Amino acid sequence: MERMSSSVQSWVEEHKLATIGGVWATAIGASVAYSRRRTPQRATSLRLIHARMHAQALTLAVLGGAALAHHYYNNNGKGTSKNREADLDYDFYSQLPSATDADGKENERWSW
């Protein structure tokens, strides 16, 4: 059982978007099936709206769990990094144009 669990975990790690899409599609199908069984007189469009809302809630829960797992596994369970500034890359900001020209006038790219 341990080996199967680790193989499923490694597959999910490699195919994150497919897993989330599969959870979403399964939630849609399960919600529509449950709605058909419980209230057969409800309109199909209303069933689909409710199913989409249920799937979105489940997807948000799965994404939140994935974010927590990613945070936990990347920090090896040690919590947040003490030297967070060293991990950030500020090179992107140096490539942006300046907000003012050399003579102090506002750059057109940054004006509203």
Side-chain angles (χ1 to χ4, degrees):
M1 188 67 174
E2 171 87 20
R3 196 162 82 176
M4 185 175 128
S5 170
S6 66
S7 67
V8 168
Q9 184 179 3
S10 65
W11 187 89
V12 168
E13 184 70 29
E14 291 177 19
H15 302 92
K16 292 177 186 125
L17 291 178
T19 302
I20 292 169
V23 167
W24 183 80
T26 303
I28 289 274
S31 181
V32 167
Y34 179 76
S35 177
R36 276 187 88 172
R37 184 169 176 240
R38 186 171 167 118
T39 55
Q41 73 277 9
R42 187 178 286 172
T44 304
S45 61
L46 192 58
R47 279 191 204 130
L48 288 175
I49 290 169
H50 286 150
R52 182 184 57 84
M53 288 179 8
H54 294 146
Q56 282 178 332
L58 182 64
T59 302
L60 286 174
V62 168
L63 284 173
L68 287 174
H70 177 76
H71 177 72
Y72 176 77
Y73 290 126
N74 280 352
N75 291 326
N76 298 325
K78 296 177 184 172
T80 59
S81 174
K82 298 232 187 262
N83 193 5
R84 182 79 175 157
E85 292 250 347
D87 296 340
L88 299 176
D89 180 24
Y90 291 112
D91 189 39
F92 169 77
Y93 296 105
S94 66
Q95 297 173 11
L96 293 174
S98 61
T100 57
D101 291 335
D103 51 337
K105 293 181 182 174
E106 187 174 291
N107 192 338
E108 289 182 14
R109 294 183 192 175
W110 294 102
S111 62
W112 294 95

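Since we're looking at a predicted model, the values are computed, not measured.
With values rounded to the nearest 0.5 angstrom, I28 atom CD1 is found 8.0 Å from Q56 atom CD. Distance check, rounded to the nearest 0.5 Å: CG of L63 to NZ of K16 gives 11.5 Å. Note that OG of S10 and NE2 of H15 are 9.5 Å apart. Values are rounded to the nearest 0.5 Å. Atom-to-atom distance recorded for S7:OG and Q9:CD is 9.5 Å, nearest 0.5 angstrom. Considering OG of S31 and CD1 of I49, their distance stands at 12.0 Å, rounded to 0.5 Å. Distance CZ/R52 to OG1/T59: 11.5 Å, rounded to 0.5 Å.
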side-chain contact (heavy atoms from CB on, under 4.5 Å) between W24 and I20: does it pass, once the steps are laid out?
CA-CA 6 Å; W24 183 80; I20 292 169; 5.5 Å; no

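Contact between R47 and Q41 at its shortest, heavy atoms only, is NH2-N, 4.5 Å.
Heavy atoms from other residues, nucleotides or ligands lying under 6.0 Å from CZ of R42 number more than 12. Under a cut-off of 6.0 angstrom, the local environment of CG in L60 is crowded, with over 12 non-hydrogen atoms contributed by other residues, nucleotides or ligands.
Under a 3.5 Å cut-off, the side chain of H70 and the backbone N or O of A66 do not form any donor-acceptor pair.
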